[in-house]
Amino acid sequence: ENNFPNPFNPETVINDSISTPQKVKLTIHNLLGREVDVLVDKQMTAGDFSVIWAPKNMSSGAYFARLQVGEMTQTLNMIYLK
């Protein structure tokens, strides 16, 4: 799912669900593709989950949330406005 709100300040919520227990990794990347934050990196049980991202000491601009669940990868575009 998309994050909400978007654009955001001071935080945004990323929601998703997994159907079976799997390893989940959720990272935040800047426009250059550099990883700037790791929000989740663990084995998770099946079901819905929500993660809050509240950037600290980051500039306004576009960021990407990269969600890896098992072998599936999804990328979300986010706009942070200070």
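Worth saying up front: this structure is predicted, and the values here are computed from it rather than measured. Numbering starts at 1 and runs along the sequence shown.
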Subject >> Minimal non-hydrogen separation, S19 against A46, with atom names >> reply: O-CB, 3.4 Å

Subject >> All pairs passing salt bridge (charged side-chain N to carboxylate O under 4.0 Å, His left out) where residues 72-82 contributes a residue, at least two apart >> reply: none

**OP:** With the side chain counted from C-beta on, respond yes when L67 and V24 share a heavy-atom pair under 4.5 Å apart, and no when they do not.
**Re:** yes

**OP:** Heavy atoms only: give me the nearest P10-Y80 pair and the separation to one decimal.
**Re:** O-CE1, 4.5 Å

Original post:
Mind checking whether W53 and F64 sit in one hydrophobic cluster, side chains of I, L, V, M, F, W, Y counted as touching below 4.5 Å?
Top reply: no

Original post:
For the hydrophobic clusters of this structure (ILVMFWY residues joined by side-chain heavy atoms under 4.5 Å, transitively), does one cluster hold both I28 and M44?
Top reply: yes

Subject >> Minimum heavy-atom distance I79-N6, with the two atoms named >> reply: N-OD1, 2.9 Å

**OP:** Report the distance from atom CD of Q68 to atom CD of Q22, rounding to the nearest 0.5 Å.
**Re:** 12.0 Å

**OP:** Rounded to the nearest 0.5 Å, what's the gap from CE on M78 to CG on N3? Could you check?
**Re:** 5.5 Å

Original post:
Are M58 and V38 connected, step by step, through hydrophobic side chains (Ile, Leu, Val, Met, Phe, Trp, Tyr) whose heavy atoms are closer than 4.5 Å?
Top reply: no

Original post:
Got a second to check how far L26's CG is from F49's CZ, nearest 0.5 Å?
Top reply: 7.0 Å

Original post:
Going from OG1 on T75 to CZ on R66, what distance comes out if it is rounded to the nearest 0.5 angstrom?
Top reply: 6.5 Å

Original post:
Is there a donor-acceptor pair under 3.5 Å between the side chain of N30 and the backbone N or O of V36?
Top reply: no

Original post:
Nearest 0.5 Å, what's the CG-OH distance between N77 and Y63?
Top reply: 13.5 Å

Original post:
Rounded to the nearest 0.5 Å, how far apart are CD1 of I14 and CG of L39?
Top reply: 5.5 Å

**OP:** Could you tell me whether a side-chain N or O of S17 sits under 3.5 Å from a main-chain N or O of G47, the two making a donor and an acceptor?
**Re:** no

**OP:** Quick one: do N2 and L76 satisfy side-chain contact (heavy atoms from CB on, under 4.5 Å)? Show the steps, please.
**Re:** CA-CA 6 Å; N2 285 330; L76 302 172; 3.5 Å; yes

